[in-house]
Amino acid sequence: MAFLPKHSSRVVPGVFLLAGLGLFMGAWMMKPAPPTSPNVVLFFMDDMGYGDLSVTGALAYTTPNLDKMAAEGTRFTNFLSAQAVCSASRAALLTGCYPNRLGISGALGPNSPVGLNPDEETLADLLKEKGYATGIFGKWHLGDKKEFLPLQQGFDDYYGVPYSHDMWPLHPNQAQAHYPPLRWIDGNEPGPEIRNLDDAGQITRTITDRAISFIRKHRKKPFFLYVPHPLPHVPLAASGQFKGRSARGIFGDVLTELDWSVGQVLAEIKKQGLDENTLVLFISDNGPWLNYGDHAGSTGGFREGKGTSFEGGQRVPFLVRWPGMVPAGRVSNKLLTALDILPTVAKLCGARLPKKRIDGVDWTALLKGDNTVTPREKFYYYYRKNSLEAVRQGEWKLVFAHPGRTYEGFLPGKDGKPGPSTESHQFPMALYDLRRDPGERYDVQEQHPDVVAELEKVAEEARADLGDDIQKKTGANVREAGHADQ
Ligand code: MG
């Protein structure tokens, strides 16, 4: 302060202090408060494998929009679907519960007498209660009877297919060609029939158009937009703009169109000025249906695929984007599951949790950038209704002896016709260290009896809670699925 005139020695620091305070206050006032009711867009792909994005190693076609989304947000490498099959996986996503807690298993067929019990509270129910507009455009697959459809489960708007679009009279397996005609559902009413592959080629585009209209219509209030794309589940079909365009045949065409669809929705969010107030999540329901060969996706090297509890069945891509809230360009290896979507999204949106017990954990701290937290330590795997096939804790996975599906040892199918697989392969008990053995090839239980004992305890907890058909145990905390009146 030697250069300052004596009389100003007290005044000037005061000026600096005030100026500094002013700058601080200005910056504080300019920084937007975190949105209390962010929009939520949830993409849910069907049978897309872990390795089906360029950013996870896809070859012969590219997914530039998804790669950009990953670069602008966070990509998770240890994200698991709740079960490796359509209906069970969707039940868990929307309720935060293990699907067997709700009595939902497998893939529900047309006219299923069973569906997601409307007494369960879905993410749409919780967000609707908070004043959100709620829309689903795509595949429902939690029961096609009216009482189970989306409008009875928390959604305001629905346009989509009621179940997998291979459940139609053109199914390649003769034994399954008894399916009734496949129709779009508009709200609660049947819409136009999807008669052939040309009609099926319009599915992705139609859903994209509906999703964009929904954003435009509700741009002034918070919205929850659920986009469960029916593809790349077979039968594969793309619209004229994409058919025959990729070097990877129809599978590449379909992936290119799905990537375009995500890009269109993200562009509309930006166009409406909602970019920084919109949480976008991108997930797949289960791994690829490997016996469809060139019409199936890639697990990225993980073992087995759809319908199995090996990593190829349940490890799926997971991207999250929310500019200013979720770190950009981050890759996280933390274990998370589809069960965890509901509690986390509910928290971010200021919604309450369901009244009944759920299984998901809150990972908002991790989402927002605290990489020191480990929200989920353990996970029970299930497959085939209620058979405990494996449990996981950290990097360890204990697989129990069980009969199950394998694709290994069979020539895969081609051009839309499935190859064989078996449902009764006997898998032995094994302990895998996923840190050094993500392909689940090396059984190390002999070297780690302490880990086996620890994981056995987790399994006992699971069996007491949810039961286990393999050991003929009934769980104490399972609930009834919805049963149709007729
Ligand atoms: Mg699926």
Side-chain angles (χ1 to χ4, degrees), residues 42-53 79-95 98-100 104-110 112 115-116 136-144 160-168 171-173 176 179 182 200 203-204 207 226-237 251 254-255 257-258 261 281-293 295-300 302 304-318 337-339 341 381-385 404-405 407 413 416 418 421 423:
L42 173 56
F43 290 104
F44 203 55
M45 299 292 129
D46 201 333
D47 295 4
M48 177 184 274
Y50 184 88
D52 285 335
L53 315 181
F79 185 86
L80 300 169
S81 73
Q83 275 196 22
V85 63
C86 285
S87 299
S89 177
R90 278 150 220 272
L93 177 79
L94 291 179
T95 64
Y98 286 110
N100 39 339
I104 298 290
S105 63
L108 304 176
S112 168
L116 178 65
I136 160 177
F137 305 99
K139 169 172 156 180
W140 173 240
H141 218 173
L142 288 170
D144 63 329
V161 292
Y163 36 73
S164 301
H165 67 291
D166 68 338
M167 293 173 172
W168 65 343
H171 195 285
N173 283 344
Q176 288 166 286
Y179 286 122
L182 174 70
I203 290 176
T204 299
I207 287 166
Y226 175 41
V227 187
H229 272 296
L231 288 127
H233 190 295
V234 291
L236 298 181
F251 187 83
V254 166
L255 263 287
E257 186 160 22
L258 290 168
S261 172
L281 307 123
F282 179 92
I283 310 174
S284 178
D285 71 334
N286 52 252
W289 210 350
L290 292 174
N291 58 325
Y292 274 87
H295 282 217
S298 159
T299 67
F302 293 119
E304 296 286 355
K306 172 176 176 171
T308 82
S309 54
F310 290 98
E311 295 296 298
Q314 288 184 236
R315 189 90 68 99
V316 290
F318 180 37
T337 76
L339 305 170
I341 299 297
Y381 281 80
Y382 287 92
Y383 171 60
R384 281 198 179 165
K385 199 181 172 188
R405 180 183 297 180
Y407 300 99
S421 61
E423 302 291 320

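Indexing begins at 1, ligand by ligand and atom by atom, following the structure's order. Values below: all heavy atoms of this structure, side chains included; hydrogens, waters and symmetry mates excluded.
Seen from the Mg ion (ligand 1), atom OD2 on Asp285 and atom OD1 on Asp47 lie at an angle near 150° (rounded to 10 degrees).
Taking the Mg ion (ligand 1) as reference, the nearest N/O/S atom within Asp46 carries the name OD1.
Every residue meeting the side-chain contact (heavy atoms from CB on, under 4.5 Å) condition with Ser164, not counting sequence neighbours, appears here in chain and number order: Cys86, Lys139, His141, Asp166, Met167, His233. The side-chain contact (heavy atoms from CB on, under 4.5 Å) check on Leu93 picks up Leu42, Phe44, Tyr226, Ile283, Ala338, Ile341, with sequence neighbours excluded.
The closest donor-acceptor contact from the side chain of Thr95 to the backbone of Ala91 lies under 3.5 Å.
Under the 30°/60° scheme for interplanar angles, the aromatic rings of Tyr382 and Tyr98 are found to stand perpendicular.
The distance from the Mg ion (ligand 1) to the nearest N/O/S atom of Asn286 is under 2.8 Å.
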